[in-house]
Amino acid sequence: MYKKGPWWARARAFFTDPLNFSVNNAAELGPVFETPVPFRRVFVVSGPEEIQKVLQSNHKNYHKSPFYNALKLALGNGLLNSEGNYWKQQRKLMQPVFYKSALHGLYLDMKSETENYMEWLKMELTQNAHFDLAKETMRITASIVLQSLFSSDAPLSRDEMYKMMVELQEYVMMRALSPQKFPLALLKGQHHRFLKYRRKIDDALYQMIDKRAKETDPPHDLLSMLTFARDAETDEGMPREAIRDELITLFAAGHETTANALAWIFRLLAANPEKEAILQKEIQTVLGARLPEMADFKDMPYTRAVIEEGMRLYPPAYAVGRLAIHDDEVGGFHIPKKSIMFLSIYALHRNPEIWEDPNSFRPERFLPDAPAIPRNAYMPFGFGPRKCIGYQFAMMEMQLLVPAFLQNVHFTFPEKWPEPQTLITLRPKGGMKVVINRRM
Ligand code: HEM
């Protein structure tokens with residue numbers, strides 16, 4: 001047990017600054033240590049082998065941590081939250097939606113959404129140059145995921161859907177991170193607003209699901225893929241409630257993570273102009289002014305390396321939580337059942353024993369001819385059977401959006417480095433202020 005200072009100060013440090021808390025204490029105490037939290041036993045884990053044990057070799061002993069229960073309020077029993085046989089069956093049904101072959105079709109939509117967004121942004125720039133980059137990356141990734149989910153079928157407008165989803169997420173975050181504020185939320189009507197929005201979104205989703213099930217020539221989007229997915233053995237499809245939960249889960253899991261990754265990547269590039277110059281050269285040489293096709297990705301290793309290095313330093317899912325079902329042993333520690341395992345991806349990615357000069361931005365680490373990354377040392381998308389189902393979707397989206405922004409605009413950031421905020425994903429606190437100029 002980590003024993004420096006009074007327990008309540010340590011517990012407070014864990015909740016208020018989990019990033020530095022896990023990095024600093026891991027350096028002193030090693031890859032597993034226990035931290036005091038009232039009514040719970042909590043272990044912070046940041047070693048590659050130790051995380052691997054929890055997420056892969058002994059994953060059956062771990063469920064998602066109670067934190068995910070709050071997410072259930074909005075997302076229901078979608079892939080992110082479900083457990084056991086139900087999860088296994090849903091994952092099997094949904095996997096083909098994310099096969100490379102299916103992603104080809106979705107990429108066309110991603111590209112046209114990106115073109116529309118860039119046109120919109122350039123128009124906006126004639127009026128105003130001051131933006132919150134985190135909001136902008138969220139705007140485009142939300143458009144992309146909504147288009148990929150529903151094509152143009154949505155009975156609610158994009159803006160309406162987006163606004164309500166943001167409200168749902170904010171509310172869920174409050175319930176997950178500050179449950180003591182719940183009575184206040186009741187008084188302030190926040191809870192009733194949440195229920196109203198959830199009902200409105202559900203009505204819209206069910207309307208779309210029912211309509212789609214009757215279509216003979218359905219569009220190629222995730223809604224169709226989920227509606228018409230059949231189990232290879234039983235030939236059974238998903239009930240509409242399950243489709244609803246998966247749609248809303250894909251929306252929530254599929255845009256904020258990518259948006260935050262992009263915002264940090266652009267900030268890191270601006271702070272490292274020599275790296276940005278190498279990236280610009282690759283974009284110029286391979287693409288010129290056009291957007292990438294999927295076939296271009298193999299010729300753009302530096303672009304991919306920039307994205308990977310960005311997510312090493314600022315992993316959008318900075319930690320993954322698990323609950324031990326039975327007693328276990330991890331890294332020499334006895335883990336009693338019901339313990340919470342706080343798997344710090346952030347501390348893993350900044351471990352000086354694994355990464356040389358861990359805090360500096362060096363995309364070269366990820367180039368194909370660089371020394372191999374040590375086993376299990378890099379996992380922005382998680383690991384094991386519950387690894388992110390959308391990781392190829394996210395990678396292709398970022399390999400499209402990084403060049404698209406840099407071909408069209410130039411960013412100037414204030415000198416002050418944005419503070420990372422540990423909400424569900426790793427956001428820049430208070431947004432990421434930027435001045436955007438059109439590239440000539
Ligand atoms: C940079 C972008 C992304 C990052 C960093 C990311 C990260 C992660 C991580 C770490 C997990 C594992 C969580 C755990 O083990 O508890 C996860 C799961 C998941 N992600 Fe992502 N994700 C990204 C993008 C996406 C996208 C684009 C989609 C969908 C379109 C998506 C859908 C999901 C789903 C459904 C799960 C649950 C999978 C399961 O448990 O079977 N994610 N993601």
Side-chain angles (χ1 to χ4, degrees), residues 45 51-52 54-56 59 62-69 71-72 75-84 86-95 97-98 102-103 106-107 109-110 137-138 140-150 221-223 225-226 242 245-265 304 307-308 310-323 340-346 348-349 378-402 424-427:
V45 186
I51 294 184
Q52 186 272 354
V54 177
L55 291 184
Q56 191 178 45
H59 73 92
Y62 295 93
H63 277 181
K64 297 274 175 136
S65 70
F67 171 80
Y68 289 82
N69 288 340
L71 291 182
K72 276 193 180 172
L75 307 184
N77 206 21
L79 210 54
L80 195 64
N81 295 318
S82 50
E83 299 283 359
Y86 180 76
W87 165 78
K88 210 167 169 180
Q89 184 194 333
Q90 287 299 100
R91 177 97 190 195
K92 201 168 122 204
L93 266 178
M94 284 172 68
Q95 198 65 61
V97 166
F98 292 95
L103 293 180
L106 297 177
Y107 189 71
D109 284 341
M110 262 185 204
T137 52
M138 205 87 92
I140 175 63
T141 56
S143 289
I144 286 180
V145 82
L146 284 174
Q147 176 68 25
S148 307
L149 286 169
F150 312 121
D221 57 17
L222 294 173
L223 173 60
M225 293 189 220
L226 294 173
D245 289 355
E246 299 303 355
L247 287 172
I248 206 157
T249 295
L250 290 175
F251 176 77
H255 78 285
E256 190 178 319
T257 37
T258 320
N260 286 324
L262 286 166
W264 289 113
I265 287 167
R304 191 180 171 101
I307 294 165
E308 289 179 319
M311 287 195 295
R312 182 184 69 80
L313 285 168
Y314 291 95
Y318 58 93
V320 165
R322 291 292 187 270
L323 176 74
I340 304 262
M341 309 300 277
F342 181 85
L343 312 176
S344 175
I345 308 295
Y346 185 87
L348 171 73
H349 285 182
Y378 181 69
M379 44 178 96
F381 294 106
F383 198 67
R386 307 229 39 173
K387 181 174 172 175
C388 179
I389 199 170
Y391 91 92
Q392 286 177 312
F393 182 102
M395 282 306 294
M396 75 182 194
E397 186 178 5
M398 289 187 282
Q399 287 174 104
L400 164 65
L401 289 173
V402 166
I424 294 177
T425 62
L426 195 58
R427 284 187 188 178

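Please read these numbers as outputs of a predicted model, since none were measured by experiment. Each ligand, and each atom within it, is numbered from 1 in the order the structure gives.
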Worksheet item: Taking distance alone, with no angle check, do Tyr68 and ligand 1 share an N/O pair under 3.5 Å?
Response: yes
Fill in: Donor-acceptor contact present, side-chain Arg304 to main-chain Met395, <3.5 Å
no
Fill in: atom 38 (C) of ligand 1: the protein heavy-atom neighbour that sits closest, reported with distance to 0.1 Å
Arg91 NH1, 3.4 Å
Discussion item. At less than 4.0 angstrom from any non-hydrogen atom of Met398, what atoms of ligand 1 do you find?
Written reply: 1 (C)
Discussion item. Between Asp245 and Asn77 (side chain of the first, backbone of the second, donor and acceptor by atom type, cut-off under 3.5 Å), is there such a pair?
Written reply: yes
Discussion item. I need the minimum non-hydrogen distance between Leu401 and Ile144, along with the two atoms involved.
Written reply: CD1-CD1, 4.2 Å
Discussion item. With side-chain contact (heavy atoms from CB on, under 4.5 Å) as the test, pick out the partner of Pro380 among Glu308, Arg312, His349.
Written reply: His349
Item to complete: Just need the protein heavy atom nearest to atom 12 (C) of ligand 1, so name the residue and atom and give the distance.
Response: Arg386 O, 3.6 Å
Item to complete: Output all residues satisfying side-chain hydrogen bond (donor to acceptor under 3.5 Å, both in side chains) with Thr425, sequence neighbours left out; order by chain, then residue number.
Response: Glu256, Asn260
Item to complete: For Trp87, take its heavy atoms, then give the atoms of ligand 1 lying under 4.0 Å from any of them.
Response: 39 (C), 40 (O), 41 (O)
Worksheet item: What part of Val320 sits under 4.0 Å from ligand 1 if we count only heavy atoms: the side chain, the backbone, both or neither?
Response: side chain
Item to complete: Quick one: look at Lys64 and ligand 1, take heavy-atom pairs under 4.0 Å, and tell me if it's side chain, backbone, both or neither.
Response: side chain
Worksheet item: Taking non-hydrogen atoms only, is Glu397 closer than 4.0 angstrom to ligand 1 via side chain, backbone, both or neither?
Response: neither
Practice prompt. Apply ring pair (Phe, Tyr, Trp, His ring centres under 6.0 Å) to Phe251 and list each qualifying residue two or more places apart in sequence or on a separate chain.
Written response: His255
Fill in: Where ligand 1 meets Arg322 - atom numbers and elements under 4.0 angstrom, heavy-atom basis
14 (C), 15 (O), 16 (O)
Item to complete: Say whether, by atom type as modelled, one donor and one acceptor occur between the side chain of Asn81 and the main chain of Gly76 under 3.5 angstrom.
Response: yes
Worksheet item: Which pair of non-hydrogen atoms, one from Met379 and one from Leu55, has the smallest distance, and what is that distance?
Response: SD-CD1, 4.3 Å
Worksheet item: Of all the non-hydrogen atoms in the protein, which one sits nearest to atom 27 (C) of ligand 1, and at what distance?
Response: Phe393 CD2, 3.4 Å
Fill in: Distance below 2.8 Å from atom 21 (Fe) of ligand 1: protein N/O/S atoms
Cys388 SG
Practice prompt. Nearest heavy atom to atom 5 (C) of ligand 1 wins, so pick from Pro315, Ala261, Pro380.
Written response: Pro380
Practice prompt. Kindly write out the residues that satisfy side-chain hydrogen bond (donor to acceptor under 3.5 Å, both in side chains) with Ser344, not counting sequence neighbours, or none if the list is empty.
Written response: Ser22
Worksheet entry | Spacing of Leu80 atom CG and Cys388 atom SG [to the nearest 0.5 Å] | 9.0 Å
Discussion item. Please determine whether a side-chain nitrogen of the Lys or Arg among Glu83 and Lys88 lies less than 4.0 Å from a carboxylate oxygen of the Asp or Glu.
Written reply: no
